[in-house]
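Input: a single structure, listed below in structure tokens.
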Amino acid sequence: MPELPEVETIRNYLRLGNGEHPSILGKIIKSAEVTWGRSVAFPTNDEFQGKITGQTILEIDRRGKFLIFHLSDNELLLHLRMSGDLFVREEGQPPDPYDRIIFHLGDGIELAFNDTRKFGRVWLVTDLEQVIGNLGPEPFDTALSEGIFYERLQSMKRQLKPLLLDQSFLAGLGNIYSDEALHMAHLHPLTRSNRLSLEQSGRLLECIRQVLQAGIHSHGASIDWVYRGGDFQNYFRAYGRKGLPCPECGEPIERIVVGQRSTHFCPTCQAKIE
DNA sequence: ACGAGCGCCTGTCGGC
DNA sequence: TGCCGACAGGCGCTCG
């Protein structure tokens, strides 16, 4: 499900609370109840439950699509993949059938890692690099200049769409926001990265930042049965709009498959650069 | 170096 | 109505 804006929304929800419940910062993990073993990527299930018990949630960060819980002794990383979500609930509620891990936080509060499709994973480590060492730069990192971005694009001959989905190139974009960024930047998804001019690559970086910022501002996108709150789906320019008019020129949006992922673009606005 | 194909999972939707 | 394939916000692996 979630890409950078959705993960950021969940991070804020957990850090700040939402009126229904308070922030979970400062809470102590009394126990972790794992109901789907493979949700725990590292260490073993028993070690995970043993080590995490008694640790305090000091702070919650985000890196790309990863949530990072800084605990008193360890780092807890969480990746929601396609259908994962996190809910703070009062204890004693009937369990949801798709809860995979329940963290009991005391004070009658629990944090549920809910994941219909079971692709999501958690890690409990001492060194973050063990899990996120290969991630590319954070899109909003001011150290990521136009010049650096241009050089990174020039150094490869990748199709733009799969490249933007590659988390070691740039951390945080998924299928929605990469289609949206390419449409805003007027770049064809199959254009090779080394064909971009300095100006085009600068525009791409700027558009990536704009769509992510807009997504965060809308509290993410809500599609299908998953997710709550966000309304960025009402502002899609290309994603999921096959056959509907391009918001800029009115031509029908096309859908193709690239790297097994559906890809939406305007054949007029996003001409391919050979 | 790069991309295609597949596996991991469960649910929804549209067509016949 | 019932079945069946396509599809879904992700990613790691193997194979050319």
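In the text below, chain A, chain B and the rest are named by the order of the sequence lines, each starting its count at 1. Heavy-atom basis, side chains included; hydrogens, waters and symmetry copies ignored. Since the structure is predicted, the reported quantities are computational estimates derived from the model, not experimental observations.
The CG-C1' distance, from A:Asp179 to C:dA8, rounds to 14 Å in whole Å. Atom-to-atom, CG of A:Asp166 to P of B:dA1 comes out at 13 Å; the value is rounded to the nearest Å. Here C:dG12 presents its P atom at 13 Å from CD1 of A:Ile132, a figure rounded to the nearest Å. Rounded to whole Å, the distance from CG on A:Leu80 to P on C:dC11 is 10 Å. For A:Arg261 and B:dG7, the CZ to P distance is 17 Å, given to the nearest whole Å. One interatomic measurement links the two molecules: CD of A:Glu6 to P of C:dA8, which rounds to 16 Å at whole-angstrom precision. If you take CZ of A:Arg117 and P of C:dA8, they are 10 Å apart, rounded to a whole angstrom. When the C1' atom of C:dG10 is taken as reference, atom CD of A:Gln167 falls 8 Å away, rounded to whole Å.
The local environment of CD in A:Glu90 is sparse, with at most 12 non-hydrogen atoms from other residues, nucleotides or ligands closer than 6.0 Å. Heavy atoms of other residues, nucleotides or ligands lying less than 6.0 angstrom from NZ of A:Lys272 number more than 12.
Spacing of P atoms, B:dC6 relative to C:dG5, comes out at 15 Å, to the nearest Å. Comparing the P positions of B:dG5 and C:dA6 gives an interatomic distance of 14 Å, to the nearest angstrom.
At the heavy-atom level, A:Gln159 lies under 4.0 Å from the strands shown only through sugar-phosphate atoms.
Between A:His79 and the phosphate of C:dC11, there is a side-chain N or O to OP1/OP2 separation shorter than 4.0 Å. Close to B:dG3, at under 4.0 Å from its OP1 or OP2, lies no side-chain N or O of A:Lys161. For the pair A:Tyr177 and C:dG9, the criterion of a side-chain N or O lying under 4.0 Å from OP1 or OP2 is not met. Residue A:Arg121 has no polar side-chain atom (N or O) positioned under 4.0 Å from OP1 or OP2 of B:dC8. At C:dA8, one or more side-chain N or O atoms of A:Ser262 fall inside 4.0 Å of OP1 or OP2 (strictly under the cut-off). The side chain of A:Arg192 contributes no N or O atom lying less than 4.0 Å from OP1 or OP2 of B:dA1. Listed pair A:Lys157 / B:dA1 fails the phosphate criterion, with no side-chain N or O lying under 4.0 Å from OP1 or OP2. Side-chain N/O atoms of A:Arg81 include none lying less than 4.0 angstrom from OP1 or OP2 on B:dC9.
Taking the six-membered ring for Trp, A:Phe232 and A:Tyr177 have ring centres closer than 6.0 Å.
If you run side-chain hydrogen bond (donor to acceptor under 3.5 Å, both in side chains) between A:Arg89 and each of A:Asp96, A:Asp99, A:Asn114, only A:Asp99 comes through.
Pairing of B:dC9, defined by two Watson-Crick or G-U wobble distances under 3.5 Å, is not identified with any nucleotide.
For A:Lys65, the side-chain atoms get nearest to C:dC11 when compared with the rest of C:dA8, C:dC11, B:dC9.
Between the side chain of A:Arg192 and the main chain of A:Lys157, a donor-acceptor pair closer than 3.5 Å is present.
The aromatic ring of A:Phe119 does not stack onto the base of B:dC9, failing the criterion of a centre distance under 5.5 Å from the six-membered base ring together with planes under 30° apart.
Evaluation of atom-type donor-acceptor distances gives no pair under 3.5 Å for the side chain of A:Glu3 against the base of C:dG9. Side chain A:Arg158 to base B:dA1: no donor-acceptor pair is found below 3.5 Å.
Classified by interplanar angle (parallel below 30°, tilted 30° to 60°, perpendicular above 60°), the ring pair A:His21/A:Tyr13 is perpendicular.
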